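Before any comments, here is the structure.
Chain identifiers are assigned alphabetically (A, B, ...) following the order of the sequence lines, protein sequences preceding nucleic acid strands; residue numbering begins at 1 within each chain. The model shown is predicted, which means the values in this text are computed figures rather than measured ones.
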Amino acid sequence: DAKTTQPNSMESNEEEPVHLPCNHSTISGTDYIHWYRQLPSQGPEYVIHGLTSNVNNRMASLAIAEDRKSSTLILHRATLRDAAVYYCILRDVGDMRFGAGTRLTVKP
Amino acid sequence: DVKVTQSSRYLVKRTGEKVFLECVQDMDHENMFWYRQDPGLGLRLIYFSYDVKMKEKGDIPEGYSVSREKKERFSLILESASTNQTSMYLCASRPVGRVGEKLFFGSGTQLSVL
């Protein structure tokens, strides 16, 4: 399975944009890029996913590099409730393997 | 809303006991998964099931088995619990179909083996 690399932790100020990076240099042409997040004391929840084009939904935006070797999850205005561990995962027809993710701290 | 329900939020067992962790989903999803989560290690896949009576090993199946007799229920079994199986266990389900289909997780079971 293709692997992803994320920073262990990041900090942000409340109401500022946050850009969470993910490197996936061995991505294959059919791998989808998924993002999940895990709030404290909860199971992970889906955030967004994409294949080649940038994607937007009510939670976040996903920017995918033209060569698809990296992607960035964008939270447009971080709130305290966005403090969580964010996971970047690749999936083709296999099953999702989660790494350690990025722990996002949001400061008031 | 999709609901994935894990039978216990907290569980304390003794070494050597047989432990059953139950997971039920109400969305008629074909695929179900068991992960364990330990500090600094993220989520690791134990077993998954593509459909009733089907099971596949994940990355860390040793010491575990699973049962999927009905579509909505996926059980994780620790045949003889050991202290290194103390962990948070997370169940998830997903409909079959497009690759982009998302996983729905339960709230987890924190298992302590003493």
Side-chain angles (χ1 to χ4, degrees), chain A residues 1-9 22 27-60 62 64 68 71 73 84-104, chain B residues 1-6 8-10 21 23 25 27 29-51 54-61 66 74 87-110:
Chain A
D1 289 334
K3 291 194 182 293
T4 63
T5 304
Q6 298 177 254
N8 290 333
S9 61
C22 181
I27 191 169
S28 74
T30 52
D31 281 333
Y32 278 75
I33 302 160
H34 293 250
W35 283 82
Y36 283 74
R37 73 178 186 180
Q38 187 172 19
L39 302 171
S41 302
Q42 295 187 26
E45 63 177 354
Y46 169 83
V47 177
I48 202 166
H49 76 277
L51 184 62
T52 55
S53 304
N54 294 345
V55 184
N56 299 298
N57 67 20
R58 64 175 179 81
M59 287 180 73
L62 176 60
I64 301 173
R68 300 210 327 125
S71 60
L73 179 72
V85 178
Y86 287 80
Y87 299 96
C88 168
I89 305 139
L90 302 181
R91 179 174 178 253
D92 179 12
V93 294
D95 286 282
M96 293 193 193
R97 263 70 173 176
F98 288 70
T102 296
R103 182 174 296 279
L104 176 66
Chain B
D1 276 354
V2 176
K3 196 143 186 169
V4 179
T5 303
Q6 295 185 230
S8 304
R9 186 75 177 96
Y10 299 96
L21 302 183
C23 175
Q25 49 95 3
M27 292 317 303
H29 288 170
E30 288 80 8
N31 300 169
M32 295 188 76
F33 306 82
W34 276 107
Y35 293 88
R36 67 176 279 178
Q37 184 170 31
D38 301 287
L41 295 178
L43 279 76
R44 291 181 291 168
L45 183 62
I46 305 172
Y47 266 98
F48 56 100
S49 168
Y50 284 127
D51 209 333
M54 295 176 68
K55 59 183 179 184
E56 299 286 340
K57 292 180 180 179
D59 295 326
I60 51 165
V66 290
F74 192 35
S87 186
M88 170 67 79
Y89 289 87
L90 289 155
C91 174
S93 72
R94 180 184 67 202
V96 77
R98 304 184 312 275
V99 174
E101 290 292 356
K102 54 190 176 185
L103 284 169
F104 294 88
F105 280 86
S107 296
T109 296
Q110 178 63 52

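For R44(B), no part lies under 4.5 angstrom from a heavy atom of chain A. The contact between L103(B) and chain A is made by backbone and side chain atoms together, counting heavy-atom distances below 4.5 Å.
One distance of note links NE2 of H49(A) with NZ of K102(B); it measures 9.0 Å at 0.5 Å rounding.
Top candidate by heavy-atom pairs under 4.5 Å with chain A, chosen from L90(B), L45(B), D59(B), is D59(B). Annotation: maximal heavy-atom pairing with chain B below 4.5 Å, among G43(A), P44(A), G50(A), occurs at P44(A). When each of F105(B), Y35(B), F33(B) is checked for heavy-atom pairs under 4.5 Å with chain A, F105(B) comes out on top.
With a 4.5 Å cut-off on side-chain heavy atoms, Q38(A) and Q37(B) count as touching.
In this structure E56(B) satisfies the side chain to side chain contact (heavy atoms under 4.5 Å, CB included) test together with F48(B), Y50(B), sequence neighbours excluded. With sequence neighbours excluded, the residues that form a ring-ring contact (aromatic ring centres under 6.0 Å, His included) with Y87(A) are F98(A).
Atom CZ of R68(A) is surrounded by more than 12 heavy atoms from other residues, nucleotides or ligands within 6.0 Å.
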Exercise. What do the steps show when you test M88(B) against S41(A) for side chain to side chain contact (heavy atoms under 4.5 Å, CB included), and what is the final call?
Worked result: CA-CA 10 Å; M88(B) 170 67 79; S41(A) 302; over 6 Å; no
